[in-house]
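Hydrogens, waters and symmetry mates play no part in the numbers below; they use all other heavy atoms, side chains included. Everything numeric in this text was worked out from a predicted model, so none of it was measured. Lettering follows sequence order; numbering is per chain, from 1.
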Amino acid sequence: MPSPQLRALGSFRRWAGSAPGWSGRVAAPLWLSLGQAIHGQGGRLMGLWGEDRRAAEGCFLVHGAFLFEQGLLLAEQEVNAARPETPSLAAIFPAANRMERTLYDLLGIRAQGLADQRPWLRHQAWPEDQFPLRADFPGSDLGSAGDDRYAFVPVSGAEVHEIPVGPVHAGTIEPGHFRFQVLGEEVLRLEAHLGYTHKGTERLFQGRDIAGGARLAGRVSGDSTVAYGWVYARAVEQILALTPPPRAQWLRALCLERERLANHLGDLGALGNDAGLAFALTQFSRLKEDFLRDQERYFGHRYLMDRIAPGGVAFDLDAGQCASLREAGRALGLAVARLQEILAEHGGLRDRVVTLGRISPPLAADLGMMGVAGRASGQAWDLRVQFPQSPYDALDVRMALESDGDVAARMAVRFAEITESLRLQDQILDALPAGETLLPVAGLPADGVGAAWVEGWRGEILLWLRMEEGRITRCHPQDPSWTLWPAVEQAALRDIVADFPLINKSFNLNYSGHDL
Amino acid sequence: MYRILREIIRLGRVGDPPPKPGPAGADGVPGYFRHSLAIRQVDAGSCNGCELEINALNGPHYGLENAGFRFSASPRHADVLLVTGPVTRHMAEALRSTYAAMPHPKRVVAVGDCACCGGVFAGSYAVLDGVEAVLPVDLHIPGCPPDPDALLRGLLTAAGEPPLAVEESP
Ligand code: SF4
């Protein structure tokens, strides 16, 4: 274990292989000390989830994933099956609040010391005393009534009024509810209510084989299908103690950078549009569409779904295709640079985005922010830089960092990352190792636990997996949106309601990957 | 301003010419919504992949508005309800209310494998395995996700045009 402070907490063992990860079990009384020790080192909570291990071990487990300067720490805690409770980490890591409420919704494990005990992912679909991730979930008494009972925190005052928005929004976007409490035009408080897209994804994983799980992992969130496909594949490979061929690893990184490019292009266009600059939407939509058509042509899917497979990748590129991609990348880089100059000079756009939706670096640190939004607020986390795993260890990624924390900064990070991803694409295409791209995994005896993370386009994505006899018994994907949604609520404060779409778009967080 | 204009001219017209609305249906009866159709989209729990393609359809390559379609911010102005996702139990009520808020006549189009039958999420405790469980569906557009061409063909069919002779895009 890296730090003496943490060593005292239990016997953590380092993972086999090159990834800087440690796993171990701690007793409930040490759960909070562990959180404090991580926090004291400047570490963050990445995810929190539970597991029904009553059949195998006679207890529940609560898993926590923490990221600190030396890597990832996976801690698990045994929870009494008769009195399922866990000490709440929410006082240390604000992001734990909703994760712990979800722990109750799905597994019936109560977070002790958590003042906010409202349900989070559960609306009215299943009864309060049933827990979908327990093995004995009856799945009876299911309903499809709307959820009009959620107790939003009220703000009082004679002049204060509330604006409910959603779950269905005006545009073609995912569903969620936003409750604004406003004074005149100014937002005093914003609270999100999510869970509308809860599909029972985690339970659906259970019982699937390697290939079935891969198909589902690629659909946890369509805009991050590469990132989820990759973490799933790597978790499986960790269980199988199998290293995919070098060429496959490089092609995976190519896909991940292209996923980043596609989403950043789309977001920059949509941001311009939300600020009243339709020109930006048209221009960026055209660039994105050409980019997607290339993906269909060379990779076989417009969004690269199912391109990453456990054991490698399910496609290959020949030299001519690599040359075409390089050529298209160069043209894209020039076009984006031209648009960036035009947008930077556009007074109307700057008026809308500069100082809007600001999250200061100290607040961002408190909230544990990372990803695009974190880097726009001075939080220097990028797993490709800090914990580079093959092929990123050979690529030398330059992190985009801004400190103003406003919509303009989040746009600037995206512009910088487009340039960087195009540079990485060039490097990857130049240095692509030869060889095979896929090792067979079907029928291998997958048995054990695996975990993996990547820096997706929005932020870091983590997946934890347990397999027994070739079947998944528990799979937990963790989207960065869990941590970033509370930041959106903060960012909207003191701005006006009409600016919210722009602020929200500048984060562009995930619903499907969050609601699971 | 000058640079914006220059970029607009540089971009010019992209993509394929929009499909021409065909003649009336085989029975000679024009469809209800010929030539102008307002679309309301509801995500009933998709993975957001289908939304990406619907948004792509709105881009300059597809000339959606030239073909007479536009997206409406309110169901009260909409002729067609485009639904994605396996219909989560948590979204079922919002979907019903959106449909109820639309004026008659109206049509429902299920977009993507999920909306057609639940797709990869079929069988979960939390979903209803497709739009049909909640609303009458006039047209299914399968695919995971269906690409913009498939969406456009589907919309033309829903608009009451006869089965399509849209030019294949290269
Ligand atoms: S059909 Fe495919 S792309 Fe569409 S919502 Fe379902 S899983 Fe996602």
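Judged purely by atom type and a 3.5 angstrom limit, B:N48 uses its side chain to pair as donor or acceptor with the backbone of A:D223. Put simply, the side chain of A:H123 never gets that close to the backbone of B:H90: no donor and acceptor are under 3.5 Å apart. Not one N or O on the side chain of A:T172 forms a donor-acceptor pair closer than 3.5 Å with the backbone of B:N55. The backbone N or O of A:K199 lies less than 3.5 Å from a partner atom in the side chain of B:S124, making a donor-acceptor pair.
Within the 4.5 Å cutoff, the side chain of A:Y196 has no heavy atoms near those of the B:T88 side chain.
Rounding to the nearest 0.5 angstrom, the gap separating the CZ atom in B:F121 from the CZ atom in A:R219 is 8.0 Å.
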How far apart are the C-alpha atoms of A:T282 and B:L11, what are their side-chain angles, what is the distance that settles it, and do they pass the side chain to side chain contact (heavy atoms under 4.5 Å, CB included) test? CA-CA 9 Å; A:T282 309; B:L11 178 59; 3.9 Å; yes
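The side chain to side chain donor-acceptor pair (under 3.5 Å) check on B:Q41 picks up B:E51, B:T84, with sequence neighbours excluded. Shown here are the side chain to side chain donor-acceptor pair (under 3.5 Å) partners of B:E53, two or more places apart in sequence or in another chain: A:R302, A:Y303.
Closest approach of A:M305 and B:C144 over heavy atoms only: SD-O, 3.7 Å.
Within the structure, salt bridge (Lys or Arg N to Asp or Glu O under 4.0 Å) contacts touching residues 113-141 of chain B (residues at least two apart or in different chains) do not occur.
Scanning residues 259-267 of chain A against chain B with a 4.5 Å non-hydrogen threshold yields no residues.
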